[in-house]
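I have placed the structure first, in the form of structure tokens, so that the comments after it can refer back to it.
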Amino acid sequence: MIPMTPLQSLQCSSFTIPAHPFDQIPQPTPSSSSWPSLLLLRSRQIPTKSLTRQTHAQALKLHLLSDPRFATSLMESYFRFDGADAASAVFDHNCQTNANGSPVPWTLLSTLYLKENKPSSALQLLYKMLRSGIEPDSVALATAAKACARLRSLRDARKVHKIAKMKGFDHDVLVGNSIIKMHLECGSINQARSVFDGLPSKDLVSWTTVINGLVRDGEFNEGLKLFRAMCASGATPDSFTVSAVLPACGRMTACKNGKEVHAQIVRQGLGKNVVVENALVAMYVKSGCLEYASRIFQRMIFKDVISWTIMILGYSMHGRGEVAVELFEEMEANGRVISDRTVYAAALNACSTACLVDKGKGLFGRIRRPGVEHLVLMGGLLSRAGFFIEARAFLEEHKLGRCSAACRAVLDGCRSHRNVKLGKRVAEQLAELEPLNVDNYVLLSNLYASREKWGMVRELKETIRDMGLKPNRAYAWIEIRNKVHVFGTGDVSHPRSEGIYWELQRLLGKEMREEQGYAAAREDFSLHDVDEERECIPHGHSEMLAIGLGLIGSNAAAVRVTKNSRVCRDCHEAAKAMSRITGRDIVVKDPERFHHLNNGACSCGDMW
DNA sequence: CTAGGGTTAG
């Protein structure tokens, strides 16, 4: 059967449409069920406001507005011209007083408020509906949950959840899924999880929502576990599901998990979807497999601005700032996508990686209304390139003296250039700006230690303790044959600990330890538990231990280590030496970038 | 053929 056009289908109904349906209301009165579709049809074509007004007038005359189907159609039409308040006027006159009424007009108006990003109005309306004694249906409750999610109000979330339970909708898939999402947005992962676990029948949306929530919360293992459980339960993942789980693979270092999901994508034929491809590229970038990422990127038929952003950031993360800048220029040249502020930020980041000051300045000048993120990156670029005077002038010019992110960016340059003098000043400023951020005190303590101001170090230590703050522990991990080995600073708990220390000592030698060990660390100021690190045995930093295990415990092509904080200069130097002596590739991932250490050199060019 | 739930970068 040939599908009918809307017009044809309308003509098949109880009456025939005259040439201008709204100019001549057919007589006798059409059955009320035809009317909403008539209005909808008109609004799907190019609707005019006067047409809606005329319909409204006719409907009033014919007393059709007490029918919620008609009222909602009209509300939707008015919404398109004059927004939710216009729809609300129709609603107020026709729907509110209907005590035995349908929840549909209420829900529709609520949805319209959500479209205008007024979640509070949306939620209050539904509360009012309940007070009016109207029984909510699943859509009404799902909409209320969505409003809570948007509001990020834990209190309202609990309230709506309670109502859903009371009305017996908490086992409904639609309501359940919305409530899961609501709890996730409001920050209560446990609640979300328990609703998910309690759902008698879960669909793809249930799985996707909760997997995404876990992954966003950093529970990568749990997210992956759930993904596998879903596949095992017989459900077939779709593009949404794989996109939700892929970020978990990217953050797990080895891309084994990622390849597993990649295989799944190929099997299900999901690989020709931009979002999925973007997620794949990002996963390979974060797994340290830049070649895979680039290959997929190159083969993408359709690339959106996000694709380019991911790849530009990817090259930067791997120390290939020049390539990243070229990529940005290629994107602008082919003109198929419109640059947004994020891709500009990525491009500035690329300039910063490669210390391309002039390019960065040119780029910055082309950003119409630079945001804080752009200013911070520009300041960081100047500082990283060693233009300290210019960097400070830039901060001054843009009134960024009280912007902690900007201070941190400048501090980063001081670190690379070992500018302790300016570094100390900025760090003190930073500690003043964020008195509760323990990292700042650790940083300061490190800087005072580099100047051997032990009194200040002691004082800071007491301050930290008195404020009830605890320095973040530094740790690193390595995955060998499906097992993750985690090391803390000076860790001796690993079964092969003795072998690790022995190997490190053998490789790095006594003289190196003495010359470089403390001397280099003194000039370093990185963000981790320095006090502990300074006092620990030589080469006892977590990343050293993880690399040591990788060298003696695995024959993999490259030793891949991840650290939760930045690598210190000492370890960076040592790792370079080890890559030269052993002839093996070492890849260290820190929160900022990858260090590909090969034959004594690092991809970051010692600018990290 | 009235209303509703999930994905990628930062």
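Chain identifiers are assigned alphabetically (A, B, ...) following the order of the sequence lines, protein sequences preceding nucleic acid strands; residue numbering begins at 1 within each chain.
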Proximal nucleotide (of [options]) relative to the [X] side chain:
X	options	answer
A/Val139	B/dA9, B/dT7, B/dA3	B/dA3
A/Asn177	B/dA3, B/dA9, B/dG5	B/dG5
A/Val104	B/dT2, B/dT7, B/dG10	B/dT2
A/Asn278	B/dG6, B/dT8, B/dA9	B/dT8
A/Thr72	B/dT2, B/dA3, B/dA9	B/dT2
A/Ser178	B/dG6, B/dG10, B/dG5	B/dG5

So what does [X] hit on the nucleic acid, given a heavy-atom distance under 4.0 Å: a base, only sugar-phosphate, or nothing?
X	value
A/Thr111	sugar-phosphate
A/Asn273	nothing
A/Asp238	base
A/Leu141	nothing
A/Ser239	base
A/Val173	base

Measuring to OP1 and OP2 of [N], would you say a side-chain N or O of [X] lies under 4.0 angstrom away?
X	N	value
A/Lys146	B/dA3	no
A/Asn212	B/dG6	no
A/Arg216	B/dT8	yes

Item checked: Salt bridge flag under 4.0 Å for residues A/Arg408 and A/Glu434 ->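 Yes, charged N to carboxylate O under 4.0 Å.
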
Next item on the list: Taking only Lys NZ, Arg NE, NH1 and NH2, and the carboxylate oxygens of Asp or Glu, determine whether A/Lys359 and A/Glu329 approach each other closer than 4.0 Å.
Entry: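 A salt bridge is present here (some side-chain N lies under 4.0 Å from a carboxylate O).
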
Interatomic distance, [X] [atom1] vs [N] [atom2] [rounded to whole Å]:
X	N	atom1	atom2	answer
A/Ile306	B/dT7	CD1	C1'	10 Å
A/Asp340	B/dA9	CG	C1'	9 Å
A/Ile367	B/dG10	CD1	C1'	14 Å
A/Arg80	B/dT2	CZ	C1'	14 Å
A/Leu109	B/dT2	CG	C1'	14 Å
A/Ile211	B/dT7	CD1	P	12 Å
A/Trp106	B/dT2	CH2	P	22 Å
A/Arg593	B/dG10	CZ	P	14 Å

May I ask you to check whether [X] and [Y] place their ring centers less than 6.0 Å from one another?
X	Y	result
A/Phe328	A/Tyr344	yes
A/Tyr284	A/His262	yes
A/Trp207	A/Phe227	no

Item checked: hbond_proxy A/Ser243 side chain to B/dT8 base (donor-acceptor, 3.5 Å cutoff) -> no

Checklist line | Pair A/Trp106-A/Lys128, side-chain contact (heavy atoms from CB on, under 4.5 Å): steps then yes or no | finding: CA-CA 9 Å; A/Trp106 299 80; A/Lys128 195 174 168 194; 4.3 Å; yes

